[in-house]
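Here's the structure we're looking at; comments come further down.
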Protein chains: 2
Amino acid sequence: MTTETILVIDDDQDLRESIVEILENNDFAASGCDSAETALEKVKVTTPRLVILDNMMPGMGGMALMPLLKKDYPNIKIIMITAFSTVENAVAAMKSGADDYLSKPFRREDLLVTVRRNLEELKFASQLSEPGMDDALACLANPIRRQILATLAREKQMRFMNLTRELEISDHTKVNFHLKNLKMNNLISQNREKAYHLTPEGEKMVDCLQLLFKKISS
Amino acid sequence: MTTETILVIDDDQDLRESIVEILENNDFAASGCDSAETALEKVKVTTPRLVILDNMMPGMGGMALMPLLKKDYPNIKIIMITAFSTVENAVAAMKSGADDYLSKPFRREDLLVTVRRNLEELKFASQLSEPGMDDALACLANPIRRQILATLAREKQMRFMNLTRELEISDHTKVNFHLKNLKMNNLISQNREKAYHLTPEGEKMVDCLQLLFKKISS
DNA sequence: CCGGGTTGTGAAATCCAGTTCACATAACTC
DNA sequence: GAGTTATGTGAACTGGATTTCACAACCCGG
């Protein structure tokens, strides 16, 4: 967990400080801010990924601040604090751009669950561009490599020439190229008899492909 | 279900015909064969994907036939019928290349379950090289496209320039290129206000990516 | 209606995955 | 051990994917 800052915007000092404290006690980096106006300044410097915002404040209210924040920082997540738990409040908050909401009064656990859920979603976005993901998908992008994985999943293990014939590819060096690729990505390996077989990682990948296929063709 | 032929090789006429009948009653295309020698001839013509083979037969036994079959048709699945259910029998059968086994006596249900399972595995192999799969994975292979999908999953909808800024890519035409690609693959589309958003297909794809990621990083 | 931001196109340039080719070494067969 | 098949490597080549560039139509506020 890096220094992921959470900004808490609330004019009620007690509530604000109590939220910040709860968050800090749970290893989040949080800071407070007592009005929408100062908040706008503060995000310029700290650029938080998550904002907790009271919708009722003197001056500019939370509802008014939200679109401004979203406009300049579309990837910021906003958790709105609404005074009473009514369906209307919740719907209104979500409609105007909140990603989640908390109804006063809320328990410490409600707060933490909501914060964690939203940070989790943020994390997902960055995961998609992670290097591991990149290699894996590049590997899977090639139909020959997928065929190889599928064949090995079926036959458990296979020697080079058998595999080549099975795939009905005339040029054996082409197969070799893709085998090397798969080997480098740790999806397959060879035993002493030079037979290729899936690694545990490779098997996971095959599982993934099956899942993918079911999803896509559903 | 195409005309997927299953070849039943057993010298015991009663058992053989009963197996074929059970299979045919369950919409499989099955045919019988009373010895290993005739089986070798028959596979040349029918090239079944699945073979059910008795290991005890006069003349060439099932154990001897198996490697011959596997050599010429490595993608054939073999279900071995062993006389008694002992661990040794089962292990021996699997070791010499059987993909599955049935111990006599078995119930109609055992047979069907085993056959279905093995056909299912065969089906998977061909799925992996299907065209739909190809497009989808090629699309996902590019990190920028994944980022776009992830961003749209988070923000629900976004206009062109906002998206470009969000991704921190200086050249907007590059983003446009990938957007066009995603559009062509029906993963995103634009509403009247020109805002991009995920299509139902695109959402499925994002789900897939999340699954993939969880699998990979587990 | 002027100027600036937005949204987009098509062609040229570039890059890189994938293919092909020429060759080499081990392994097995007779 | 001679010949054949299996397994593998590296370099050159090819084509498609990606990037860059030059340009243009659009919309919109002042």
Side-chain angles (χ1 to χ4, degrees), chain A residues 67-68 70-74 128-129 131 133-149 151-152 155 157-197, chain B residues 67-68 70-72 74 128-129 131 133-149 151-152 155 157-185 187-197:
Chain A
L68 297 182
K70 280 285 179 185
K71 181 158 176 269
D72 288 337
Y73 309 92
L128 284 189
S129 25
M133 199 69 172
D134 218 60
D135 293 345
L137 284 167
C139 214
L140 265 39
N142 183 292
I144 294 184
R145 287 198 288 271
R146 288 202 303 276
Q147 269 183 273
I148 293 177
L149 288 179
T151 305
L152 289 179
E155 305 290 339
Q157 66 162 174
M158 219 172 196
R159 306 263 297 266
F160 181 69
M161 272 295 132
N162 285 330
L163 195 49
T164 302
R165 280 188 280 269
E166 166 76 14
L167 301 177
E168 299 180 353
I169 293 174
S170 57
D171 185 350
H172 70 275
T173 65
K174 189 196 289 198
V175 178
N176 206 313
F177 169 80
H178 292 290
L179 284 172
K180 211 153 63 170
N181 186 317
L182 288 167
K183 240 193 297 185
M184 280 203 315
N185 281 287
N186 274 324
L187 298 181
I188 65 175
S189 70
Q190 270 177 302
N191 59 22
R192 324 91 236 164
E193 284 94 9
K194 306 213 168 191
Y196 290 93
H197 58 89
Chain B
L68 297 182
K70 278 286 180 185
K71 181 157 176 268
D72 288 338
L128 283 191
S129 24
M133 200 71 172
D134 219 59
D135 292 346
L137 285 168
C139 211
L140 264 40
N142 183 294
I144 294 183
R145 286 198 289 271
R146 288 202 305 277
Q147 268 183 274
I148 292 177
L149 288 179
T151 305
L152 289 179
E155 305 290 339
Q157 65 161 177
M158 219 171 197
R159 305 263 300 266
F160 180 70
M161 272 295 132
N162 284 331
L163 195 49
T164 302
R165 279 187 282 269
E166 168 75 15
L167 301 177
E168 299 181 354
I169 293 173
S170 56
D171 185 350
H172 69 276
T173 66
K174 188 197 292 201
V175 177
N176 207 314
F177 169 81
H178 292 290
L179 283 172
K180 213 154 61 173
N181 186 317
L182 288 167
K183 241 193 297 185
M184 279 202 318
N185 281 287
L187 298 180
I188 65 175
S189 70
Q190 271 177 302
N191 59 21
R192 325 89 236 167
E193 283 94 7
K194 306 213 168 193
Y196 290 93
H197 59 90

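As the structure is a computational prediction, the values presented were derived from the model and not from experiment. Residue numbers start from 1 in every chain, and the chains themselves are labelled A, B, ... in the order their sequence lines are given, proteins ahead of strands. Computation of the quantities below employed the complete heavy-atom set of this structure, encompassing side-chain atoms and omitting hydrogens, waters and symmetry-equivalent molecules.
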Taking Arg146(A) for its side chain and Leu140(A) for its backbone only, find out whether a donor-acceptor pair lies under 3.5 Å.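 A pair under 3.5 Å: yes.
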Is the side chain of Asn142(A) donor-acceptor paired with the backbone N or O of Ala138(A) at a distance under 3.5 Å, no angle test?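 No, because the side chain of Asn142(A) does not come within donor-acceptor range (under 3.5 Å) of the backbone of Ala138(A).
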Once you round to the nearest 0.5 Å, how far does CD1 of Ile188(A) lie from NZ of Lys180(A)?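 If we round to the nearest 0.5 Å, Ile188(A):CD1 and Lys180(A):NZ are 12.0 Å apart.
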dG8(D) base / His172(A) side chain donor-acceptor hit below 3.5 Å: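 Indeed there is one.
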Taking only side-chain nitrogens and oxygens of [X], does any of them come within less than 4.0 Å of OP1 or OP2 of [N]?
X	N	result
Lys174(B)	dT20(D)	yes
Arg159(B)	dT7(C)	yes
Asn176(B)	dT7(C)	no
Gln190(B)	dG8(C)	yes
Tyr196(B)	dT6(C)	no
Arg145(A)	dA17(C)	no
His178(A)	dA17(C)	no

Output the rounded distance in Å from [atom1] ([X]) to [atom2] ([N]).
X	N	atom1	atom2	answer
Arg192(B)	dT6(C)	CZ	C1'	19 Å
Met184(A)	dG8(D)	CE	C1'	15 Å
Asp171(A)	dT14(D)	CG	C1'	14 Å
Phe160(B)	dT9(C)	CZ	C1'	11 Å
Ile169(A)	dG8(D)	CD1	C1'	16 Å
Asn162(B)	dG5(C)	CG	C1'	12 Å
Leu179(B)	dT18(D)	CG	C1'	14 Å
Glu193(A)	dA27(C)	CD	C1'	13 Å

Nearest non-hydrogen partners of His172(A) and Phe160(A), listed with the distance: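 Between these two residues, the closest heavy atoms are O-CZ, 3.3 Å.
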I need the minimum non-hydrogen distance between Leu187(A) and Cys139(A), along with the two atoms involved.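 Result for this residue pair: CD1-SG, 3.7 Å.
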Choose from [options] the nucleotide whose nearest atom is closest to any side-chain atom of [X].
X	options	value
Asn142(B)	dT20(C), dT18(D), dG18(C)	dT18(D)
Phe177(B)	dC21(C), dT9(C), dT18(D)	dT18(D)
Met161(B)	dG8(C), dT7(C), dT7(D)	dT7(C)

Quick one: on DNA chain C, does Arg165(B) or Lys180(B) contact a more 5' nucleotide (nearest heavy atom)?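 Between the two, 5'-proximity favours Arg165(B).
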Closest-nucleotide mapping onto DNA chain C: is Asn181(A) or Lys194(A) further toward the 5' terminus? I mean the 5' end.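 Nearer the 5' end of the strand: Asn181(A).
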How about Glu193(A): does its CD atom have over 12 heavy atoms from other parts shown lying under 6.0 Å from it?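 Above 12, so yes.
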